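One structure is given below, encoded as structure tokens.
Because the structure is predicted, anything quoted here is derived from the model rather than measured.
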Amino acid sequence: MRALVEPVASLAPEELIRTARHAVLAGIGEEGQRRLAAARIAVVGAGGLGSPVLLSLAAAGVGELVIIDDDVVERTNLQRQLVHRVDDIGTAKTASAARAVRDLSPVTVVHERTVRLTSDNAVDLLEGADLVIDGSDTFDTREAVAAAAEAVGIPLVWGAVQEWSAQVTVFWSKPPEGYSPVVLGDLFPPGSAGEPPTCAQVGVLGSLCVQVGGLLATEAIKLVTGAGEPLLGRLIVVDALRARQDVIPLSSARRP
């Protein structure tokens with residue numbers, strides 16, 4: 001697939017050294033690193049799924065991250081939100097996550113958006129991003145993110161966890177030539193409402209959140225660099241209890 005982002009002309013020598021040993025960059029080469037350095041990625045949700053997403057993208061040297069979340073860090077969910085510390089309790093998740101990103105990747109520019117994403121502000125929040133990753137935990141937010149991504153025409157990397165199961169896919173209403181558009185209606189047919197087919201909200205299982213967050217970050221990196229094939233029209237289904245991970249056509253996840 002054609003890379004989503006044009007590369008920067010060159011990387012700073014210290015950035016080449018910092019990222020040289022990261023396994024996440026294997027196979028994309030120096031040009032892939034320069035594409036990542038040019039990318040601007042919006043991440044909705046800085047909690048269970050957002051934590052591994054942000055850490056992975058920072059480690060990969062993504063140029064800009066827009067972190068969108070209106071919540072504060074709480075003691076009760078620290079066990080599945082790896083980006084936050086005990087000292088961060090009571091502070092905005094965006095500020096806590098931005099601190100972690102800057103510590104890991106000094107070259108990454110972080111934009112904190114401490115607001116609740118809604119259908120009224122979603123397009124403004126996502127404008128200028130090359131792609132968006134949705135790790136939010138309510139249906140209303142997910143629907144607003146997907147509608148805004150369709151309106152702006154950028155890819156949406158989508159994932160959800162509930163208890164022991166998870167789903168990951170990619171929506172893109174304006175993909176490159178040769179790829180069919182994939183929009184919100186492919187997962188939520190007209191007339192359906194309320195919840196995704198099986199994964200409504202981010203669950204409490206921290207280990208599965210880490211696994212799914214890694215998958216989300218990988219899909220974003222693939223899109224930015226042009227490595228491999230994106231999950232357009234396909235859905236990864238993770239069953240942690242049975243230690244299974246299947247890829248199925250997105251249409252198979254539709255409601256009867």
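Atom CG of residue Leu11 and atom CD of residue Glu31 lie 11.0 Å apart, to the nearest 0.5 angstrom. With values rounded to the nearest 0.5 angstrom, Gln211 atom CD is found 5.5 Å from Gln245 atom CD. Here the straight-line distance linking atom CG of Leu126 with atom CD1 of Ile68 works out to 5.5 Å at 0.5 Å rounding. A distance of 4.0 Å separates CD1 in Ile89 from CZ in Arg75, rounded to the nearest 0.5 Å. A distance of 9.5 Å separates CG in Leu216 from OG in Ser56, rounded to the nearest 0.5 Å. Atoms OG and CD, on Ser10 and Gln33 in that order, are 12.0 Å from each other to the nearest 0.5 Å.
The backbone N or O of Asp70 sits nowhere less than 3.5 Å from a side-chain atom of Lys93 that would complete a donor-acceptor pair. In terms of modelled atom types and a separation under 3.5 Å, the side chain of Ser105 and the main chain of Val101 share no donor-acceptor contact. Using a distance-only test at 3.5 Å, with no hydrogens or angles considered, a donor-acceptor pair links the side chain of Thr108 to the main chain of Val62. At distances below 3.5 Å, at least one donor-acceptor pair connects side-chain atoms of Glu219 with backbone N or O atoms of Leu231. Proximity of a side-chain donor or acceptor of His84 to a complementary backbone N or O of Glu74 within less than 3.5 Å is not detected.
Residues Val83 and Ser96 approach most closely at O-OG, 4.1 Å, considering heavy atoms. What you find for Ala144 and Ala122 is that their closest heavy atoms are O-CB, 3.8 Å. Scanning all heavy atoms of the two residues, the minimum distance from Pro7 to Arg35 falls at CD-NH1, 3.3 Å. When every heavy atom of Lys174 is checked against every heavy atom of Glu150, the shortest pair comes out as CE-O, 4.3 Å. In terms of heavy atoms, Cys209 sits closest to Gly48 at CB-O, 3.5 Å. Nearest heavy-atom pair, Ala60 versus Leu36, reported as atom, atom and distance to 0.1 Å: O-CD1, 3.6 Å.
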| Evaluation steps, side chain to side chain contact (heavy atoms under 4.5 Å, CB included), between Val132 and Val157 | CA-CA 6 Å; Val132 56; Val157 182; over 6 Å; no

| request: Decide yes or no on side chain to side chain contact (heavy atoms under 4.5 Å, CB included) for Leu235 and Val247, but give the supporting numbers first. | output: CA-CA 5 Å; Leu235 181 77; Val247 180; over 6 Å; no

| task | Would you please test Val224 and Leu131 for side chain to side chain contact (heavy atoms under 4.5 Å, CB included) and show each step? | result | CA-CA 8 Å; Val224 168; Leu131 64 91; 3.8 Å; yes

| request: Would you please test Asn121 and Thr118 for side chain to side chain contact (heavy atoms under 4.5 Å, CB included) and show each step? | output: CA-CA 6 Å; Asn121 64 10; Thr118 68; 3.5 Å; yes

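Using a 4.5 Å heavy-atom threshold, the side chains of Leu4 and Trp172 count as touching. With a 4.5 Å cut-off on side-chain heavy atoms, Ile41 and Val66 do not count as touching. Here the side chains of Pro155 and Leu223 are in contact, with some heavy-atom distance below 4.5 Å. At least one side-chain heavy atom of Pro175 sits less than 4.5 Å from a side-chain heavy atom of Pro181. Side-chain contact between Arg99 and Asp88 is present, with at least one heavy-atom pair separated by less than 4.5 Å. Within the 4.5 Å cutoff, no side-chain heavy atoms of Leu117 are placed close to those of Ser136. No side-chain heavy atom of Val44 sits under 4.5 Å from any side-chain heavy atom of Ile133.
Using a 4.0 Å cut-off between a side-chain N of Lys or Arg and a carboxylate O of Asp or Glu, Arg113 and Asp69 do not qualify as a salt bridge. Taking a cutoff of 4.0 Å between a charged side-chain nitrogen and a carboxylate oxygen, Arg40 and Asp130 do not qualify as a salt bridge. Salt bridge present: Arg102 and Glu112 bring a charged side-chain N and a carboxylate O closer than 4.0 Å. Salt bridge Asp246/Arg244: present, at least one basic N to carboxylate O contact under 4.0 Å.
Side chains of Asp140 and Thr138: no donor on one and acceptor on the other come within 3.5 Å.
No single ILVMFWY cluster, assembled from side-chain heavy atoms under 4.5 Å apart, contains both Val107 and Ile28. Criterion: ILVMFWY side-chain heavy atoms under 4.5 Å apart, direct or through other members. Under it, Val115 and Val152 are part of a common hydrophobic cluster. Note: the hydrophobic cluster containing Leu55 does not contain Val109 (ILVMFWY, side chain heavy atoms under 4.5 Å, direct or indirect links). Note on Ile248 and Val238: same hydrophobic cluster, where clusters join Ile, Leu, Val, Met, Phe, Trp and Tyr whose side-chain heavy atoms are under 4.5 Å apart, directly or indirectly.
A side chain to side chain contact (heavy atoms under 4.5 Å, CB included) with Trp158 holds for exactly one of Thr169, Val145, Val170; it is Thr169.
Evaluation of the side chain to side chain donor-acceptor pair (under 3.5 Å) rule for Thr91 yields no partner, not counting sequence neighbours.
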